[in-house]
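Hydrogens, waters and symmetry mates are skipped; everything else that's a heavy atom, side chains included, is used.
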Amino acid sequence: MSMEFFVNKHSIVRQIWGKSDTILFIFAGASAEFALSKAVDWLYFTGRLPSDPLGRLFSTVSYARVIVFSERQAALRAIDTMAAIHAGVEAKRGMSIPDWAYRDVLFMLIDYSIRSFEVLERQLSKVEKQEVFDVFYRVGSRMALKDLPLTFDAWETMRHEHLHQNLQHSHYTADLFSQYRKHLGAVRYRLLLEAQILVVPPRVRQLLGFRKISLLNPLLGVYKLSRNMKVDWLMKSLILPPKYKDVIRALDQVPAG
């Protein structure tokens, strides 16, 4: 009897989440938007985000990746674990994380999955975008998130509303970006900003005061060529923090199945 996976083996979602390149861009976009969330104080409550912002965000991305490549029951357990962790934080603080904040994180994973793949690979079809939405809709549904959109079109409308209602530039924003700089160093921090400019929606770009065109644009062709020549890891080793090289290299090792 063949094993049932949470995400079909031939799904575009596995292609997106099976490469460290795409995941790094998803991480870049999410790190920009996290800093603008009106609920970012929740991430500060545990103290983990300001003390290790990259590790905290990587853990979120890693959970998503585990879910994408796991068989169905293991994926459901991972989702339940994620929900239990959040419930524990809520219990400690004595209040609930807003429903919209949960939706926002889910929406980020959908949006930056699509945006990152399109920056690095090709445009996705409407059917493929719906497929990305369906996977993360099932994650949100398992977490019992309220008022989730039921289709990709409905998600697009709600995503636009959330971007305009739930983001603001605050002292947390400035602090998080200073933490990114501290943990990455000046050169890698600059690269992070340029990657963010490439993938974030216009609203995020506007709130962060980013220019429209990334300096990485002309370099994308060179990087894609380096991948074809199998020397992309030489480039990555120059730009990635040593602490995360092994973690990121492991992201390219797609689990069997």
Side-chain angles (χ1 to χ4, degrees), residues 1-31 33-34 56-87 101-156 158-159 162 199 201 227 244 246-257:
M1 194 172 103
S2 63
M3 195 178 286
E4 182 187 359
F5 285 88
F6 189 76
V7 176
N8 184 287
K9 286 192 220 179
H10 307 293
S11 170
I12 186 64
V13 182
R14 281 188 164 220
Q15 284 186 50
I16 294 169
W17 284 84
K19 289 183 179 175
S20 61
D21 310 21
T22 329
I23 295 171
L24 285 169
F25 272 87
I26 292 169
F27 167 82
S31 65
E33 194 169 323
F34 260 116
R56 176 65 183 78
L57 287 161
F58 262 126
S59 71
T60 300
V61 168
S62 296
Y63 258 109
R65 190 174 178 280
V66 165
I67 291 163
V68 167
F69 289 102
S70 292
E71 58 89 18
R72 188 173 178 278
Q73 289 307 315
L76 294 178
R77 285 195 297 273
I79 297 167
D80 293 345
T81 299
M82 204 160 46
I85 290 168
H86 287 108
Y102 278 115
R103 287 195 300 272
D104 273 355
V105 174
L106 196 73
F107 287 6
M108 274 188 242
L109 291 172
I110 296 168
D111 201 3
Y112 292 119
S113 292
I114 293 168
R115 288 173 179 275
S116 300
F117 188 83
E118 291 193 331
V119 162
L120 286 166
E121 304 291 342
R122 61 171 175 79
Q123 294 295 299
L124 291 171
S125 69
K126 185 68 179 289
V127 171
E128 289 171 325
K129 289 178 181 178
Q130 179 70 40
E131 210 173 306
V132 174
F133 167 80
D134 286 343
V135 167
F136 289 104
Y137 171 82
R138 287 189 286 124
V139 173
S141 184
R142 177 71 179 190
M143 290 181 73
L145 303 193
K146 295 175 185 172
D147 303 321
L148 289 176
L150 299 177
T151 64
F152 179 77
D153 287 340
W155 169 80
E156 277 193 310
M158 196 180 285
R159 169 71 170 152
H162 275 224
V199 292
R227 282 193 312 189
Y244 295 103
D246 289 342
V247 177
I248 294 159
R249 188 182 286 275
L251 296 176
D252 276 321
Q253 295 165 13
V254 180

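Take D153 and apply the side chain to side chain contact (heavy atoms under 4.5 Å, CB included) test, not counting sequence neighbours, and it matches K126, T151, E156.
T81 places a side-chain N or O within donor-acceptor distance of the main-chain N or O of R77, the cut-off being under 3.5 Å. When atom types are taken as modelled, the side chain of E131 and the backbone of I12 share a donor-acceptor pair closer than 3.5 angstrom.
Here the side chains of R103 and M158 are in contact, with some heavy-atom distance below 4.5 Å. For the pair M82/M143, a side-chain contact is recorded, criterion being any heavy-atom separation below 4.5 Å from C-beta on. Counting heavy atoms from C-beta on, the side chains of L76 and F6 come closer than 4.5 Å.
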message: side-chain contact (heavy atoms from CB on, under 4.5 Å) for L148 and L106? Distances and angles first, verdict last.
response: CA-CA 10 Å; L148 289 176; L106 196 73; 3.9 Å; yes
- request: Please assess F5 against R14 for the test side-chain contact (heavy atoms from CB on, under 4.5 Å), listing each intermediate value before the final yes or no.
  value: CA-CA 11 Å; F5 285 88; R14 281 188 164 220; 3.1 Å; yes
Worked verdict on N8 versus V13 for side-chain contact (heavy atoms from CB on, under 4.5 Å): CA-CA 9 Å; N8 184 287; V13 182; over 6 Å; no
task: Applying side-chain contact (heavy atoms from CB on, under 4.5 Å), run through F117 and Q123 and close with a yes or a no.
output: CA-CA 8 Å; F117 188 83; Q123 294 295 299; over 6 Å; no
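Salt-bridge annotation for E33 and R159: present, with a side-chain N of the basic residue lying under 4.0 Å from a carboxylate O of the acidic one. For the pair D111 and R115, the salt-bridge criterion is met [side-chain N within less than 4.0 Å of a carboxylate O].
Between the CG atom of D134 and the OG atom of S141 there is a distance of 11.5 Å, given to the nearest 0.5 Å. Atom CE of residue M108 and atom CZ of residue F136 lie 12.5 Å apart, to the nearest 0.5 angstrom. The OG atom of S20 sits 13.0 Å away from the CZ atom of F27 when rounded to the nearest 0.5 Å. Going from atom CG of L109 over to atom CG of D104 covers 11.0 Å, rounded to the nearest 0.5 Å. Atoms CD1 and CD1, from I23 and I16 in turn, are 10.5 Å apart once rounded to the nearest 0.5 Å. With rounding to the nearest 0.5 angstrom, the CD atom of E128 is 13.0 Å from the OG atom of S113.
Under the 30°/60° scheme for interplanar angles, the aromatic rings of F152 and F133 are found to stand perpendicular. Below 30°, between 30° and 60°, or above 60°: for H162 and F107 the angle between ring planes is between 30° and 60°, a tilted geometry.
The two atoms that bring V68 and V7 nearest to each other are O-CB, 3.3 Å, heavy atoms only. Summarising the geometry of Y112 relative to I26, their closest heavy-atom pair is O-CG1, 3.4 Å, with the distance given to 0.1 Å. Between K129 and E118, the closest heavy-atom pair is CE-OE2, 3.5 Å. Residues A75 and S70 share a closest heavy-atom pair of N-CB, 3.7 Å. Scanning both residues, E121 and K19, for their nearest heavy atoms gives OE2-NZ, 3.2 Å. The heavy-atom pair separating A78 from I67 by the smallest distance is CB-CG1, 4.0 Å.
Note that R142 lies outside the cation-pi zone of Y137, set by a 6.0 Å cut-off to the ring centre and a 45° limit from the axis.
Judged purely by distance below 3.5 Å, without hydrogens or angles, the side chains of T22 and W17 never pair a donor atom with an acceptor atom.
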